[in-house]
Amino acid sequence: MTSQEARQRTPGALGDDAEAYAALARTVVDLAAGTRLRAFALPYPPAAQLLFDRIVLRCLGRGETPPRSLPDLLMWCRDATLGHRLFGLPQGGEEQALVHPDRLLPSRTCLEWASHGEDGTPEQQAVRILAELADRCGPVDRYRQCRAFLARHPSVSIQDRFPGSGRWNPTVWNQVKHLYHPVPENLLRKGVLALCAVCRMPALSKNPLPESPSGTAPVCESESCGPAAAASLIREPGRHLLLEGSLRVFLALPHRTERDVLARLARAGITPTFLPSGLGAHRIEGEGTGRRLMKVYDRRQPALLASRVTETSAAPDEGRVLVVVPRQTSQSPGYRAAFEAGLGTGPRGRAALVPPEGVVRSLRDRRTSRKEEKEENEDA
């Protein structure tokens, strides 16, 4: 298969290749729960053993050397990317394997692929948790407060919760505190927790200790803050709690982009309506702008994002869907091309990939075109 042919294949048309890769991603996620992907005790989980058997048969059927064991398969997952000839899936976005080579935990690509298909789990878990929270909160405004708290706080400390700290809304905390858990062992190095100073996500490296001069700098769960981002070292991790993992990745990570675009809309005098369904969305409507549905994402895999937009596309009367992604992501020609190809027969022409600043610009352009059209009709 040529690279051009691979790029033309959308998730919906990938069939067995996509299903097999998604199943492998789900197995990596399941095995990583509570431990780093290094060693496992026998017997292996039945589902993982079944997946291993499937991969072996797949290798034999395609003339590839099969892994010798489940740990051998996981080592392979640290190097093999989507384009590996065993699967031949389109890359589109940043090339990345299922297991992050530094963190030795599922990569963001792995979590997104593990969410693909009917048996997907990580993103679906985040959606289910938020739906349950919305039901418990009642009024939309109360739920929006709780959702915003979760998005802003991927980690919390006991100090934050002290009365009078000025950072806490006790009512909101009582609604969301069950979604925070003690720091698991797989996110500690020698009993030390490293938190990224930019996104406040857990960070890990190959170093014996986070401050060791040897090896690589800690890499946070966002995988995008870069090695220059300092890490705060928490030597008493028992005084910290971490937000549920699926919410950290699928809710907290896009928060900076969502906050940016909402601030830009506010400065432009535009107040969107918050919609609580799914991971959350915003409706924009007004004089001259028509109606728009705005969804904010931070995803590594553009074809999977397009598939998700297609699955959750709005009704025709919602108008065009604005898919807002971080600026750097929107500027990648390969990412944009893979996203547009991945829309397939879905809302092509109604879904647009835009950076935060592109939302206001597109609304202004529409207002201008509507005004010019109106003036032309009046002159006629």
Side-chain angles (χ1 to χ4, degrees), residues 6 17-42 44-45 47-60 62 64-116 121-122 184-190 194 196 201-208 210 212 214-227 231 245 248-249 299-301 304:
D17 288 336
E19 195 279 331
Y21 201 76
L24 179 58
R26 289 192 295 271
T27 297
V28 171
V29 171
D30 291 342
L31 290 175
T35 184
R36 300 183 84 189
L37 294 170
R38 281 178 168 162
F40 305 96
L42 292 170
Y44 300 131
Q49 186 64 55
L50 178 61
L51 183 279
F52 170 74
D53 295 341
R54 288 178 58 190
I55 295 298
V56 168
L57 290 175
R58 191 178 186 86
C59 288
L60 295 176
R62 301 195 177 193
E64 296 290 328
T65 302
R68 294 166 297 179
S69 63
L70 187 58
D72 191 34
L73 174 62
L74 292 174
M75 288 292 292
W76 177 82
C77 288
R78 295 169 59 179
D79 300 314
T81 60
L82 291 171
H84 189 278
R85 54 185 175 272
L86 189 62
F87 301 100
L89 296 169
Q91 297 276 2
E94 181 179 343
E95 186 173 337
Q96 190 177 42
L98 292 178
V99 175
H100 195 283
D102 294 326
R103 300 179 64 248
L104 298 181
L105 286 172
S107 64
R108 285 180 57 188
T109 286
C110 181
L111 293 170
E112 291 174 23
W113 269 100
S115 302
H116 179 65
T121 49
E185 288 294 326
N186 65 342
L187 294 179
L188 299 176
R189 292 303 303 266
K190 301 294 185 179
C196 177
M201 298 284 187
L204 285 169
S205 75
K206 293 179 179 178
N207 299 334
S212 171
S214 63
T216 58
V219 178
C220 66
E221 285 182 339
S222 78
E223 300 174 2
S224 58
C225 293
R248 293 201 305 270
V249 173
R299 301 293 171 92
R300 280 288 191 264
Q301 298 302 315
L304 295 184

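Predicted, not measured: the structure shown is a model, and the values here were computed from it.
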Flag side-chain contact, heavy atom, 4.5 Å: Leu105 against His100: no
Check this for me: does any side-chain nitrogen of one of Arg62 and Asp17 sit under 4.0 Å from a carboxylate oxygen of the other? yes
Looking only at heavy atoms, what is the nearest atom pair of Trp113 and Ala18, with distance? CZ3-O, 3.8 Å
CD/Glu221 to CZ/Arg248 distance, rounded to the nearest 0.5 angstrom? 4.0 Å
I'd like to know if the side chain of Arg78 reaches the main chain of Leu104, judged simply by a donor and an acceptor atom lying under 3.5 Å from each other, with no hydrogens or angles considered. no
Leu204 vs Val219, side-chain contact (heavy atoms from CB on, under 4.5 Å): CA-CA, chis, key distance, verdict: CA-CA 5 Å; Leu204 285 169; Val219 178; over 6 Å; no
Of all heavy-atom pairs linking Glu112 and Arg299, the shortest is OE2-CA, 3.3 Å
Classify the angle between the aromatic ring planes of Phe87 and Tyr21 as parallel (below 30°), tilted (30 to 60°) or perpendicular (above 60°). perpendicular
I'd like to know whether Val56 forms a side-chain contact (heavy atoms from CB on, under 4.5 Å) with Leu73, so could you lay out the CA-CA distance, the side-chain angles of the two residues, the decisive distance to 0.1 Å, and finally the verdict. CA-CA 9 Å; Val56 168; Leu73 174 62; over 6 Å; no
Spacing of CG belonging to Asp53 relative to CZ belonging to Arg58, to within rounding of 0.5 Å: 14.5 Å
Could you go through the side-chain contact (heavy atoms from CB on, under 4.5 Å) check for Thr109 and Arg300 one step at a time? CA-CA 6 Å; Thr109 286; Arg300 280 288 191 264; 3.9 Å; yes
Atom of Leu70, atom of Ala48 and distance for their closest heavy-atom approach: CD2-CB, 3.8 Å
Where do Leu98 and Val28 come nearest, in terms of heavy atoms and distance? O-CG1, 4.4 Å
Mind listing the closest non-hydrogen atom pair of Arg108 and Ser224 along with its distance? NH1-OG, 4.3 Å
Check whether the side chains of Gln301 and Gln96 place a donor and an acceptor atom closer than 3.5 Å, and report yes or no. no
May I ask you to test the Leu86-Trp76 pair for a side-chain heavy-atom distance under 4.5 Å? yes
Beyond-backbone contact of Leu60 with Pro66, side-chain heavy atoms, under 4.5 angstrom: yes
Can you see which heavy atom on Leu24 is nearest to which on Leu51, and at what distance? CD1-CD1, 3.5 Å
Could you measure the distance from the CZ atom of Phe52 to the CG atom of Leu57? Nearest 0.5 Å is fine. 10.0 Å
I need the Glu223 CD to Asp102 CG distance, nearest 0.5 Å. 9.5 Å
Run the numbers on Arg54 and Cys59 for side-chain contact (heavy atoms from CB on, under 4.5 Å), then give the verdict. CA-CA 9 Å; Arg54 288 178 58 190; Cys59 288; over 6 Å; no
Residue pair Val29 / Cys110, side-chain heavy-atom distance below 4.5 Å: yes
Check: Ala97 main-chain N/O paired with Thr81 side-chain donor or acceptor under 3.5 Å: no
